[in-house]
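Letters A, B, ... mirror the listed sequences (proteins, then strands); counts begin at 1. Atoms considered below: every heavy atom in the structure, side chains included; atoms not considered: hydrogens, waters and symmetry mates.
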Amino acid sequence: MSVSAEGVTWRIGRRAIVDGVSIDVRPGETLGLLGPNGSGKTSLLRLLAGLRQPHAGRITIGGMDLRTTERRVIAKRVAFVEQHAATNASLKVIDVVKLGRFPHRSLFSGWSIDDQNAVEAALEKTGIAGMRDALWQTLSGGEKQRVHIARALAQTPMELFLDEPTNHLDVHHQISLLRLVSELPVTSIIALHDLNHAAMFCDRLIVMKAGKIATAGSPEEVLTENLLREVFSVEARIEPSRHHARLHVHYLL
Amino acid sequence: MIPARSAVWRVGLVAAAVLVSLSMVALVIGFSVGVGDLPIPLSTTFSALTNRLGWTAIELEPIHEAVIWDYRLSRSLVAAFCGAGLALSGAIMQSLLRNPLAEPYVLGISAGASTGAVAIFILGVGTGAVSLSVGAFAGAFGAFLFVALLSNGTRGGADRTILAGVAASQLFNAATSYIVTTSGNAQQARDVMFWLLGSFGGVRWPELALVASVIGFGLVACLIYARNLDAFAFGDEAAAALGLNVGKVRLQLFALTALMTATIVSMVGSIGFVGLVVPHAVRFFIGPLHIRLLPASSVAGAVFMVLADIASRLLVPGQTLPVGVVTALVGVPFFSAILYRFRSPS
């Protein structure tokens with residue numbers, strides 16, 4: 001397994017934000033994490049990325065127990081794109097992307113060809129090579145998000161966790177970003193709000209409710225009219241799209 | 001694909017930058033040594049130096065040599081190291097706390113130093129400037145420990161650290177005022193407060209040896225940390241996701257800046273604005289990457305402080321102003337300009 005969690009629980013005070021969650025993600029899989037606001041998606045991603053220690057349960061990534069693995073070793077194979085990450089430093093795009101090489105460089109090592117190649121590949125894949133010298137503060141929300149993803153790709157991760165990565169993007173960039181991530185040869189876990197995007201780009205879905213997994217499986221198994229009513233409190237009709245093989249969710253007025 | 005700059009070219013560029021920087025510092029120190037009741041030309045200072053190194057044997061007036069070696073050179077060098085240390089600490093604080101208003105004293109270090117110095121003075125433990133410095137250092141480090149415990153106890157975070165620093169400053173300022181107002185000897189207390197405003201009067205070679213080793217050590221250690229500081233650009237969480245042990249690195253850097261700042265404050269008082277303004281000015285020219293920002297801030301801080309020391313001796317004829325007053329006089333307009341430059345677009 002690429003990512004594996006067993007009975008993971010994480011609390012704030014006495015309230016369980018993530019409550020006994022177990023998941024197994026195969027290498028190369030694209031897993032969509034769905035659920036209403038406050039259902040624990042972001043907290044689960046942080047736990048899986050090793051940024052929080054669970055109060056109970058165990059998480060392994062590529063067989064490494066996160067509890068006993070050094071942060072830098074984790075960061076060499078796990079990249080995490082936060083929902084809101086801003087800076088007041090007037091960094092250039094290239095400087096931000098280069099940060100992705102941080103875990104791979106030792107204290108005194110110089111900038112290697114590998115580092116350079118990883119950064120160039122990340123800039124190309126995210127389509128931001130042309131704005132490498134632009135200052136962070138001059139970018140639009142969507143551009144900033146792409147720079148963050150480029151930074152994550154420069155980490156050359158085997159696991160990529162993204163917390164609502166399409167939030168600030170226009171439709172074109174939403175689709176191209178999700179296509180990019182789903183086609184990468186890495187294990188990705190993406191917290192998403194758009195159920196149609198989840199159906200289109202994810203191999204498997206997990207739906208969370210109040211810190212627990214409500215249901216898990218392929219998009220066809222998970223996305224049902226009943227589930228949408230129970231978890232998201234919306235009425236919808238779900239049918240295979242006439243234009244692509246995946247499901248399509250029609251919300252009812 | 002951009003070819004990596006060749007290593008030789010890089011080393012040459014770094015060497016040139018270091019050489020230019022050191023020459024600049026040496027030049028302002030040379031001027032500083034010449035300024036005072038007894039003006040000394042730059043050439044005399046240079047000759048005195050080469051004489052002492054045994055390279056030349058130029059006949060100089062003994063009074064000149066005495067003033068240079070016994071008073072002014074050590075004073076100017078201390079000023080340079082203090083300026084470097086404060087600017088360096090300020091740059092680190094601003095990055096670590098991700099707050100443009102952060103400065104070396106944000107963790108309550110100057111407030112703690114004043115409490116320590118006043119307590120020593122009033123309680124009458126020991127005598128003279130040495131015990132005053134010891135008290136100031138102890139107070140400064142006490143304040144730092146207070147903040148470190150308070151902010152770590154509430155699980156870190158930049159905002160909480162700043163709040164803990166504000167709390168510590170208030171606490172120690174109140175303690176200072178309490179000691180001053182309840183002590184029978186108000187005049188002595190005022191003397192201490194004046195001393196804390198900052199002055200390079202009375203610093204000699206032993207002080208230089210101390211401050212040079214602490215700031216030298218601090219600069220080298222900070223350069224090793226430079227890349228880690230870059231990783232903090234997007235906050236603690238992003239730094240952790242890049243593989244940084246945030247809590248550990250943050251505490252080590254806080255301790256390092258506290259050591260440098262406490263050493264400086266206990267020696268020459270709490271000189272303001274250098275640590276706040278110089279790193280901002282340097283960022284305009286060379287950007288936010290720390291491998292360049294930290295050494296450049298140190299050099300700029302050194303030059304600024306030596307110039308401020310010169311100004312403190314020249315502004316009012318026959319009188320030396322507290323250098324903290326001069327840095328603020330220059331610093332406030334400068335800071336206003338920065339605020340204007342960063343005004344939000346309307």
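For a residue to count as touching a neighbouring chain, one of its non-hydrogen atoms must lie under 4.5 Å from one of that chain's; by this rule His148(A) touches chain B with the side chain only. Neither the backbone nor the side chain of Arg77(A) comes within less than 4.5 Å of any heavy atom of chain B. Proximity to chain B is absent for every atom of Val119(A), based on heavy atoms less than 4.5 angstrom apart. For Ala86(A), the part lying near chain B is the backbone, with the side chain staying farther off; criterion is any non-hydrogen pair under 4.5 Å. Residue Ile224(B) touches chain A through both its backbone and its side chain, counting heavy-atom pairs closer than 4.5 Å. Contacts of Arg105(A) with chain B are made by both backbone and side-chain atoms, with heavy-atom separations under 4.5 Å. For a residue to count as touching a neighbouring chain, one of its non-hydrogen atoms must lie under 4.5 Å from one of that chain's; by this rule Ile74(A) does not touch chain B.
Using the six-membered ring where Trp is involved, Phe234(B) and Trp136(A) have ring planes that are perpendicular, over 60° apart on the 30 and 60° scheme.
Residue Met305(B) comes nearest to Gly83(B) through the heavy atom pair CB-CA, 3.6 Å, listed as atom of the first residue, atom of the second, then distance. Of all non-hydrogen atoms in Met260(B) and Cys222(B), the two that sit nearest each other are CE-SG, 4.2 Å.
Of the possible polar contacts, one joining the Ser22(A) side chain to the Gly7(A) backbone as a donor-acceptor pair under 3.5 Å is found.
No option in Leu259(B), Ile264(B), Val265(B) other than Val265(B) meets the side-chain contact (heavy atoms from CB on, under 4.5 Å) test with Thr261(B).
Options Arg46(A), His104(A), Arg151(A), Glu70(A) differ in how many heavy-atom pairs under 4.5 Å they form with chain B, and the most are formed by Arg46(A). Annotation: maximal heavy-atom pairing with chain B below 4.5 Å, among Lys92(A), Gln155(A), Arg101(A), occurs at Gln155(A). Here Asn228(B) is the residue among Asp230(B), Asn99(B), Asn228(B) with the most heavy-atom pairs under 4.5 Å with chain A. Between chain B and the options Ser90(A), Ala89(A), Ala79(A), Ala152(A), heavy-atom pairs under 4.5 Å are most frequent for Ser90(A).
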Practice item. I would like to know whether Ser2(A) and Glu159(A) meet side chain to side chain donor-acceptor pair (under 3.5 Å); could you show each step before the answer? Key: CA-CA 8 Å; Ser2(A) 178; Glu159(A) 285 83 19; 2.6 Å; yes
Exercise for review: Decide yes or no on salt bridge (Lys or Arg N to Asp or Glu O under 4.0 Å) for Asp203(A) and Arg26(A), but give the supporting numbers first.
Suggested key: CA-CA 10 Å; Asp203(A) 303 320; Arg26(A) 289 184 296 276; over 6 Å; no
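A cation-pi arrangement is absent between Arg292(B) and Phe285(B), since the terminal nitrogen or guanidinium carbon is not both under 6.0 Å from the aromatic centre and inside a 45° cone about the axis.
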